[in-house]
Amino acid sequence: MSTERPKYDPANIEPFWQTRWEEQRLFEARRHPGKPKAYILDMFPYPSGAGLHVGHPEGYTATDIVSRYLRMRGYDVLHPMGWDAFGLPAEQHALETGTHPADTTAKNVATFKRQLKSLGFSYDWSRELSTTDTEYVRWTQWLFLKLFERGLAYQAELPVNWCAALGTVLANEEVIDGKSERGSHPVVRLPLRQWTLRITAYADRLAQDLSGLDWPETREKQLHWIGRSEGAEVDFVIEGSADRLRIFTTRPDTLFGATYMVVAPEHPLLERFATAERRAEILAYREASASRSELDRTALSKAKTGVFTGSYALHPLTGARLPIWVADFVLGSYGTGAIMGVPGHDARDFEFARALGLPVVEVVSADGALNETGTWTEAFVGDGVAVRSRFLDGLRTPEAKAAMLAHLEREGLGARRVQYRLRDWVFSRQRYWGEPIPIYFPVELAEGSSDPRIHPHTIRYDQPLPVSEDELPVRLPELEDFKPSEDPAGPLARALDWRFFQRDGKWYARETNTMPQWAGSCWYYLRFIDPKNTQAIFSQEAYDAWMPVDLYVGGSEHAVLHLLYARFWHKVLFDCGLVTHAEPFKKLVHQGMILGENNEKMSKSRGNVVNPDDIVRQFGADALRMYEMFMGPLEAVKPWQTNGVIGVRRFLDRVWNMLAFVTEDAGGSPAELTEDARRLLHKTVKKVGEDIEALRFNTAVSAMMILANALAEFPRVPLEAAKVFARILSPFAPHLSEELWHRWGASESISLQPWPEYDPALTVDELVEMAIQVNGKVRGKLRLKRDATEAEAREAVHREPELIPHLAGKTERRFVYVPGRIINIVVG
RNA sequence: GCCGCGGUAGCCCAACUGGUAGAGGCGCUGCACUCAGAAUGCAGAGGGUGCGGGUUCGAAUCCCGCCCGCGGCACCA
């Protein structure tokens with residue numbers, strides 16, 4: 001190689017082009033009349049102190065390729081980036097290092113931004129936002145007020161997941177196996193005053209509207225999380241009392257099989273059911289189950305426990321006396337907190353009956369025959385035929401359900417009811433680093449008191465008042481000490497001058513709980529469309545210009561948390577008339593996790609973490625981008641292989657060496673491709689475009705490698721072909737492509753060029769090599785016109801000498817000919 | 001236990017949704033270049049698709065039954 005020829009040097013060209021792109025503001029999103037739009041969104045990151053890991057660029061590269069591709073296809077593309085910067089980890093980190101969360105957050109954002117920029121992503125940085133920005137907080141609080149106005153944000157004294165180690169309450173979704181999702185600290189149930197969002201009011205729509213979305217299996221996860229189930233509520237009269245016990249069941253058809261009742265330890269009527277002689281035991285049981293952490297309850301789930309209350313319910317149809325038990329396998333927070341025990345046809349009821357010696361009655365039989373339950377080792381939970389059930393006898397389970405429901409409703413004993421597994425969303429956190437909830441309460445001063453900051457007082461939590469819109473945002477007070485405390489009011493309660501204020505001579509107290517991290521991410525996609533708007537959360541023009549999000553890429557760990565909450569808020573905004581689509585995210589894709597080289601999850605403790613900065617330094621951003629796309633399908637979990645990056649880097653080196661010095665007429669005769677190479681070029685243009693649209697980036701990279709290998713056969717690549725190649729490569733390796741493009745004399749960015757056209761006629765070969773099978777085994781090959789008739793095929797086959805031994809003396813039973821595919825001769 | 005996804009060459013992965021199992025990359029072997037090595041270039045070898053049945057002219061692709069891996073849910077009545 002001649003020494004004047006510079007080598008491919010990403011460390012040099014990548015920063016150069018990144019700076020140029022930024023100076024030229026190439027990727028700022030603007031709408032042009034008549035052009036189609038695409039809103040391509042990444043889940044914005046939480047800027048942790050650890051910086052970017054190689055998992056981040058996977059999804060980000062995918063969306064960047066799609067964005068760059070669509071721009072070349074004439075779309076106006078909105079591709080923004082921002083920071084989900086409130087939340088526990090920032091605060092934990094700040095506590096550990098003794099710095100203010102605002103400072104650590106700013107530092108982390110700077111690191112993330114530098115790293116993202118080093119990868120050449122075509123974000124519109126002019127729209128950058130952070131959930132912690134004062135202006136952003138203002139609109140998050142504004143949205144909370146919308147929820148409050150509509151009765152969707154309310155206070156409740158709830159048994160909540162209190163995590164002492166984190167000093168906060170957690171949502172159900174943040175508790176895993178009885179421990180906190182963050183940090184795995186123990187979580188216990190405590191009743192506390194909490195702000196709660198009425199997401200259950202939207203359960204039906206959240207479930208229903210999933211059907212129209214282009215989403216992966218996440219749809220099923222959300223459906224399951226919402227957990228809609230249809231059944232009946234039935235009232236049981238209590239013997240010797242005016243009380244009634246209401247239960248929920250999905251199997252009204254098994255009502256005649258109920259042999260006992262169970263209420264949850266939290267059930268409001270429990271104390272009424274407790275007879276004098278059993279009272280002590282019952283209260284002890286309630287005490288015990290309340291103090292058991294979720295973890296204990298799950299760990300001990302095998303053995304069912306319970307205590308008889310001493311009271312009896314009367315069967316609404318037979319009048320039979322059914323003992324009422326209390327047991328912690330019944331959840332206070334689901335349905336009515338009480339069940340009828342049908343041990344013959346429910347696995348849990350069966351276990352309970354066996355453990356406590358209660359009778360088991362068969363009321364559903366597989367074939368309608370009567371069976372004895374004495375020898376049963378498990379309940380019969382499937383569908384069958386009703387037996388021992390009077391007017392239901394002989395009916396199949398679905399009909400029996402309907403018949404019983406009709407009967408209950410007619411007699412006024414019960415009603416049809418839909419239940420959801422989904423609970424309302426506990427929305428307050430007892431932490432510092434979050435959005436203040438824009439609510440305040442009247443303060444009643446004790447006799448002789450004049451200042452609640454120093455005197456005894458009562459805060460009237462029952463009279464919440466919304467902060468008026470023009471007073472937003474409510475800012476976080478500066479706090480020296482923002483540590484969480486034992487006090488569930490949280491650290492903000494210590495900022496007395498912030499908390500208490502006077503208006504018209506009266507004292508008021510601000511809400512001191514803050515919002516959870518999910519609040520900011522619930523609506524950030526809406527702020528990106530109009531991030532600088534000071535008059536409104538966003539303008540209608542901006543909404544019409546960009547919404548909905550066409551492609552949303554992020555980790556599957558957000559399948560039920562963020563993605564459900566955001567859909568909920570979006571539907572509330574829909575009801576407010578602020579948005580016009582029922583759903584915000586049309587297409588959703590989860591990138592698969594990237595494992596360490598040893599096939600284990602990347603973590604500091606395993607010592608298998610790959611830092612993207614190191615890869616960029618050694619191999620270049622383009623190599624990293626292409627490798628991450630080449631590893632395998634976007635959604636697959638796959639191990640990192642540094643050798644794989646080396647392979648991709650070699651490919652880029654080859655492309656450079658082959659194309660960087662191409663000129664119009666390098667030496668006399670013009671360079672030319674063969675017919676086959678020309679066809680391959682057109683096929684590759686077609687394939688790469690289709691693969692990008694289908695998000696099959698791995699096969700697109702592969703196709704370009706094949707093309708490069710083929711072009712390498714030529715002493716000189718024609719400039720026209722080189723330009724086509726550079727353009728299809730550019731979404732993947734934008735820096736290298738840009739450099740090549742300019743070396744060939746262009747003055748305008750390659751990202752402004754149109755995507756190359758291909759000639760469909762050249763993507764289909766006329767002659768195809770076909771295998772000839774005899775009885776399914778390949779016995780010969782032959783080149784045939786793609787559209788040859790069967791007669792032509794037959795004639796060609798009989799000219800093939802290698803087939804003669806396989807056909808001689810045999811009778812042809814069948815001649816299978818699929819044009820362009822296969823010839824199979826069945827003989828016998 | 002339930003739901004979902006997935007098992008193709010030593011490794012990462014392709015295979016037009018039934019049609020010659022192999023595109024690409026890594027690794028390996030050999031050759032060229034070199035005093036030698038690195039880098040580079042060229043040429044090769046390698047599996048019958050997790051297991052067992054079935055449907056079909058033909059199965060990695062479809063059906064049934066298992067095994068293994070990953071993710072989610074886990075007393076939701």
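Order of the sequence lines sets the chain letters (A, B, ...), proteins ahead of strands, with each chain counted from 1. Just so we're clear, the structure is a prediction, and the values are computed from it rather than from any experiment.
- A/Arg417 places no side-chain N or O within donor-acceptor distance of the main-chain N or O of A/Phe248, the cut-off being under 3.5 Å.
- Nearest-nucleotide positions on RNA chain B place A/Gly632 closer to the 5' end than the other of A/Gly632 and A/Ala264.
- B/C57 and B/G50: their C1' atoms are spaced 27 Å apart (whole Å).
- Counting all heavy atoms, side chain and backbone alike, A/Trp376 lies closest to A/Arg354 at O-NH2, 3.0 Å.
- Between B/G47 and B/C11, the distance separating the two C1' atoms is 14 Å to the nearest Å.
- Remark: the A/Tyr420 side chain and the A/Asp204 side chain contain an N/O donor-acceptor pair separated by less than 3.5 Å.
- With distances taken from any side-chain atom of A/Asn643 to the nucleotides B/G41, B/C57, B/C26, the minimum falls on B/C26.
- Of the listed nucleotides (B/U40, B/A77, B/A74), B/U40 has the atom at the smallest distance from the side chain of A/Arg650.
- Comparing the C1' positions of B/C33 and B/A38 gives a spacing of 12 Å, expressed to the nearest Å.
- A donor N or O paired with an acceptor N or O is not found under 3.5 Å between the base of B/C13 and the side-chain atoms of A/Lys638.
- Taking only side-chain nitrogens and oxygens, A/Tyr334 comes nearer than 4.0 Å to OP1 or OP2 of B/A77.
- B/A74: no Watson-Crick or G-U partner with both key distances under 3.5 Å is found in any strand.
- Between B/C63 and B/C12, the distance separating the two P atoms is 26 Å to the nearest Å.
- For A/Glu266 and B/C75, the CD to P distance is 14 Å, given to the nearest whole Å.
- You'll find that the side chain of A/Phe630 is closest to B/G24, out of B/C73, B/A77, B/G24.
- The pair A/Asp765-A/Lys683 meets the salt-bridge criterion, since a charged nitrogen lies less than 4.0 angstrom from a carboxylate oxygen.
- Nucleotides B/G18 and B/A9 are separated by 23 Å at their C1' atoms, to the nearest Å.
- To the nearest angstrom, C1' of B/G25 lies 15 Å from CZ of A/Phe732.
- No cation-pi contact links A/Lys304 to A/Phe352, judged by a cut-off of 6.0 Å to the six-membered ring centre and 45° from its axis.
- Closest to the side chain of A/Ile339, from the set B/G4, B/A23, B/A77, is B/A77.
- Nearest to the side chain of A/Pro633, among B/A23, B/A77, B/C13, sits B/C13.
- Between A/Asn698 and A/Asn709, the residue whose closest nucleotide on RNA chain B is further toward the 5' end is A/Asn698.
- Of the listed nucleotides (B/A23, B/A77, B/G72), B/A77 has the atom at the smallest distance from the side chain of A/Asp346.
- A donor-acceptor contact under 3.5 Å is not formed by the side chain of A/Thr250 with the base of B/A77.
- Among B/C73, B/A77, B/G72, the nucleotide with an atom closest to any side-chain atom of A/Ser229 is B/A77.
- A/Phe815 carries A/Arg794 over the face of its six-membered ring, with the cationic atom under 6.0 Å from the centre and within 45° of the normal.
- Here the two rings, on A/Trp325 and A/Tyr260, have centers that are 6.0 Å apart or farther.
- Distance CD (A/Gln419) to P (B/A77): 8 Å, rounded to an integer number of Å.
- Here, B/A36 and B/A43 have their C1' atoms 23 Å apart, quoted to the whole Å.
- Using a cutoff of 4.0 Å between basic side-chain nitrogens and carboxylate oxygens, A/Arg814 and A/Glu812 are not scored as salt-bridged.
- In this entry the distance linking CD of A/Glu790 with P of B/C57 reads 16 Å, nearest Å.
- Of the charged side-chain nitrogens involved, at least one lies within less than 4.0 Å of a carboxylate oxygen, so that A/Glu233 and A/Arg246 count as a salt-bridged pair.
- Annotation: B/G58 and B/C2 have their C1' atoms spaced 38 Å apart (nearest Å).
- When the P atom is compared between B/U61 and B/G52, the two are found 13 Å apart, to the nearest whole Å.
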Practice problem: Classify every nucleotide of nucleotides 15-21 of chain B by which part a protein heavy atom approaches to under 4.0 Å, writing B for the base, S for the sugar-phosphate alone and - for neither, in 5'-to-3' order. | Solution: -B--BB-
